[in-house]
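The structure under discussion appears below in the form of structure tokens.
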Amino acid sequence: MKRFVCGLAAALALSGIAVANEPNDPNAGFPPCGLIGFDDFDSSGVYLSRTITPDLSGSTIVGSFPGSRNDVFGVVDRNVNFDFADDSLSIFTGDTFGIMPEGGAGQTELANRIFGVEDLTNPDNPSGTGMAKWNFDVSGATDLKIQFRVAAMGDFETGDVFTISYGLDDPNATTTAFTFTAAVNQTLTYTMENGTNTNVLDDPISVNGDPNAGGTIIDNCFAPLEVAVPGTGSTLTVKFTAVSDGGSEVFGFDDLRICGTAPNLPPQADAGSDVTVTDNDTNLSEDVMLDGTGSTDSDGTITDYDWYIDAALVATGPTPTLSFGLGTTTVTLTVTDDGGLQSSDTVDVTVLPGGDAPSADAGAEQEVTSTSKTAPVSVSLDGSGSSDSDGTIVSYTWTENGVEIATGVSPSVSLDPGLHTIYLDVMDNAGNSARDAVFVKVLPSGVFARHDFDANLDATVSILPTPGTFTSPADGFGVYQRNVSGSIPFGLLDDSGSANPSEPNLPGECSPFAGDTAGMYLCAKQDAFFGVIDLLNADNPFCDAGTATFVFDITGRTDINVMIDMAASGNFEANPDPNDPNGPTCDPNQAGLIDVYDWTYSIDGSMPAPLFTSSVDEDGSVDQAFFDGDVITIDDPLLMNGTVLDNNAKTISAAVAGTGTTLTITLNARGDSGSEAYGFDDIVLCEDTGPTCGAGCEVPGGCADTNGDGAVDLTDLANVLANFGGGASIGDTNNDGSTDLTDLANILALFGTACP
């Protein structure tokens, strides 16, 4: 039962002002409201900002001016002073003044905190004014309204004015909603909370004008007011201003609320956690139940769950079951709410093959010789050593530099002169796969000297600094070989996979390191190579430099070409770094360190001439493919004679001008600290004697047998057509620097000729 009846509730309702039916109920009286923001002055609120001037929150009695607890502006409770507290119910039964009840039935909220004003004119506030301002986020909302409760008691003066104004995207809040002024010459009987005590006072507060001209009297019982805010915007500013000249007049308001129709918020899709299952029945697929039940919609309901694979709708509903093949499939869940808004999330479903993995064997290393400096050679690959212990191998795929070059167990491929690293990937009937690599070296004709750090040692070699002088296992300059060298700098090795199963690992030879992202030489490379990494260390008497010299006998040789297999891995430096602290320790005139790997040659002691010149592409990058299939993009790659090097060795060639008896080839290397690695192998010297051609296939200046297989046939015709209109190529039969109609005529004229 209500303990007393408020006068305002019994007053006539005015246009634009909503009057509560049950003002004592904290939630009654307000018209239906979609709450967007509020300030209840207790412990909660939803607003962007609130500023109160003067700010009395730090006062000894919160909300009171330092000089007097009876002068108030701000958020207060019943303890601020007796003028605010209605204690008539029990504490002070004779109380006849106050607007904040003790907290009887239906009054709990009003018994807590409100925004109160009393006597702003005092030595602490000479202006006699106060202002409070709120900013609310109303982005996208429509039908905006401002609601609050108000109460007042006292004998007000003409100078007492309280105003509520607002502004939509207007921080000055220039639109007046409510003005509270003294109803001069009016008398109001105030009833206290106990329903018995009354107090008759002159000049009460009236809202929006004199009560005789449409205004409404405000009494000591909090009653709600509401005003509509036309339009839309992003920020609603509500401002309260007060002028109070003194006395025991109290004014307060509570529960400032912003209402409206909030914008529909999108749902949040949740496709569930990534799923990994194993195809134990080896049927190459597994059924997996997807789970979108974690999806939510904060302001409505989700009406549709749509699942897509590669933009194709594959299922609906929150928990569909789908069949997935081997590998990883990304599934996208799109949910739609009851307002038509959508959001998406993805889940990866990985199906692992069951059973045991096969064993890949790409065969033994091969070395073949071409009929000329450039003619390709047909090479037979051999994957017959591959096996599967619990099934059968269903596919053999051969690739070079990531490009498929053949399929099948033992295919034949056409390879140009140079080093070829060829990968074999096999897959069994359960979808398991395995990889192996084989090295095929195609030598040009006319090879007369070779130094490959293994069996072919035709050069006298000197290396400075002396190999083995570096104590750091990460630094190196010299010849290395798996299972032979005491240690090999890890930055030179690609240990992301195991060695060739046809050549079993010896203890400690090659332990796979999953995720290896640095290095060049595979576990399958069992022979020696020359590696350079980080020459700048305390053990190098030449600071950041190293030289390797190779001396060959070239007596009687002419038209000499030098071919070297080179590889590089890392982010190289081309320009001196002025901030490199190691720079001045090497050369006081040097601002910083760079990476240089330049080759020169000298015949019989002549002035060295460039052979291979390195450079760094500071603006470029290169993709490095590792044995395990990972591809890592590396910035600032190393180039040799303009050819980009990567971690898979390739053959670089250059001509030597002149003749004599002794050819000296020198690597002059400089490398700063870091993990930039450079390696080389198999220095080959050959005479460019021109193409050899079997009898009957000669053409003026060359040979119609473009691939040197002993016949002018469809392969030769295809070589011409594939390169037609280009420069010198495998189809340039007469070596005139272009592949043109003359070459086509040469092929057609001798088509079908055998020339062993």
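Here, residue 1 is the first one in the sequence, and each next residue gets the next number.
A donor-acceptor distance shorter than 3.5 angstrom exists from the side chain of D604 to the backbone of T661, with no hydrogens or angles considered. Judged by distance alone, with hydrogens and angles left aside, the side-chain atoms of N723 form a donor-acceptor pair with the main-chain N or O of N719 at under 3.5 Å. Using modelled atom types, no side-chain atom of S485 and backbone atom of S487 make a donor-acceptor pair closer than 3.5 Å. Remark: the backbone N or O of G363 is not paired with any side-chain donor or acceptor of Q366 at under 3.5 angstrom. Looking only at distances, a side-chain donor or acceptor of D598 sits under 3.5 Å from a matching main-chain atom of S614. Here the side chain of D617 pairs a donor or acceptor atom with the backbone of D619 at under 3.5 angstrom. In this structure a side-chain-to-backbone donor-acceptor pair under 3.5 Å is missing from T662 to D553. Looking only at distances, a side-chain donor or acceptor of S602 sits under 3.5 Å from a matching main-chain atom of S606. Counting only distance, with no hydrogens or angles, the side chain of D743 and the backbone of D732 share no donor-acceptor pair below 3.5 Å. D279 contributes no side-chain N or O that, together with a main-chain N or O of G354, makes up a donor-acceptor pair within less than 3.5 Å.
D595 has no carboxylate O lying under 4.0 Å from a charged side-chain N of R670, or vice versa, which leaves the two without a salt bridge. Look at E687 and R557 and you find a salt bridge, because one of the NZ, NE, NH1 or NH2 atoms lies within 4.0 Å of a carboxylate O, short of that distance. D565 has no carboxylate O lying under 4.0 Å from a charged side-chain N of K650, or vice versa, which leaves the two without a salt bridge. Under a 4.0 Å N-O distance rule, the pair R482/D527 does not qualify as a salt bridge.
Checking T278, D274, T329, T328 one by one against T350, the side chain to side chain donor-acceptor pair (under 3.5 Å) holds for a single residue, T328. The salt bridge (charged side-chain N to carboxylate O under 4.0 Å, His left out) test with R450 singles out one residue from D458, D681, D682, and that residue is D682. Each of F477, Y521, Y597 was evaluated against F530; a single residue qualifies, F477, per the ring pair (Phe, Tyr, Trp, His ring centres under 6.0 Å) test.
In plain terms, the two heavy atoms of P444 and P417 that are nearest each other are N-CB, 4.4 Å. Residue A649 comes nearest to A567 through the heavy atom pair CA-CB, 3.8 Å, listed as atom of the first residue, atom of the second, then distance. Closest of all the heavy-atom pairs between I533 and A677 is CD1-CB, 4.1 Å. Residues A357 and S433 come closest through the heavy atom pair CB-O, 4.2 Å. Nearest heavy atom pair, residue P358 against residue N432, reads CD-CB, 3.6 Å. Among all heavy-atom pairs drawn from F626 and R435, the shortest one is O-NH1, 3.8 Å.
In this structure, CG in D539 is found 3.5 Å from OG1 in T471, a value given to the nearest 0.5 Å. Atoms OG and CG, from S370 and D416 in turn, are 8.5 Å apart once rounded to the nearest 0.5 Å. The CE atom of M607 sits 11.0 Å away from the OG1 atom of T600 when rounded to the nearest 0.5 Å. How far CG of L457 is from CD1 of I683: 10.5 Å, rounded to the nearest 0.5 Å. Distance check: I634 CD1 to E676 CD gives 10.5 Å after rounding to the nearest 0.5 Å. To the nearest 0.5 Å, the span separating CG on N647 from CZ on F627 amounts to 13.0 Å.
Considering only heavy atoms from C-beta on, Y601 stays 4.5 Å or farther from W599 through its side chain. Residues V622 and V644 are in side-chain contact: their nearest non-hydrogen atoms beyond the backbone lie under 4.5 Å apart. Contact check for K373 versus N561: side-chain heavy atoms found under the 4.5 Å cut-off. Side-chain contact check for F612 versus M566: some heavy-atom pair is nearer than 4.5 Å. Two residues are said to be in side-chain contact when any heavy atoms from C-beta on lie closer than 4.5 Å; V562 and V656 meet this criterion. In this structure, I652 and M563 have side chains that are not in contact, with every pair of non-hydrogen atoms separated by 4.5 Å or more. V368 places none of its side-chain heavy atoms less than 4.5 Å from the side chain of L443. Residues L645 and Y678 are in side-chain contact: their nearest non-hydrogen atoms beyond the backbone lie under 4.5 Å apart.
The side-chain hydrogen bond (donor to acceptor under 3.5 Å, both in side chains) contacts involving residues 376-392 comprise S380-S412, D382-S384, where partners must be two or more places apart or lie in separate chains.
Checking D646 against N648 by side-chain atom types alone, no donor-acceptor pair falls below 3.5 Å. Judged by distance alone, the side chains of T421 and E400 never bring a donor and an acceptor atom under 3.5 Å apart. Inspection of the T643 and N641 side chains reveals no N or O donor paired with an N or O acceptor under 3.5 Å. Side chain to side chain, D623 and T633 meet the donor-acceptor criterion of an N or O pair below 3.5 Å. There is no side-chain donor-acceptor pair under 3.5 Å between D635 and S621.
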Inset, instruction - Starting from the C-alpha separation in whole Å, work towards a yes-or-no answer on side chain to side chain contact (heavy atoms under 4.5 Å, CB included) for I554 and I603. - result: CA-CA 9 Å; I554 59 170; I603 296 178; 4.2 Å; yes

Inset, instruction - Please step through side chain to side chain contact (heavy atoms under 4.5 Å, CB included) for the pair L535 and N537, ending with a clear verdict. - result: CA-CA 6 Å; L535 287 166; N537 59 70; 5.6 Å; no

Inset, instruction - Please test L381 against I422 for side chain to side chain contact (heavy atoms under 4.5 Å, CB included), starting from the C-alpha separation and ending with a verdict. - result: CA-CA 9 Å; L381 303 175; I422 300 175; 4.1 Å; yes

Inset, instruction - Take F552 and H451 through the test side chain to side chain contact (heavy atoms under 4.5 Å, CB included) and record every step on the way to the result. - result: CA-CA 9 Å; F552 293 90; H451 194 92; 4.0 Å; yes

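Aromatic ring centroids of F680 and F529 lie 6.0 Å or more apart. Ring pair Y480/F453: centre-to-centre distance not below 6.0 Å.
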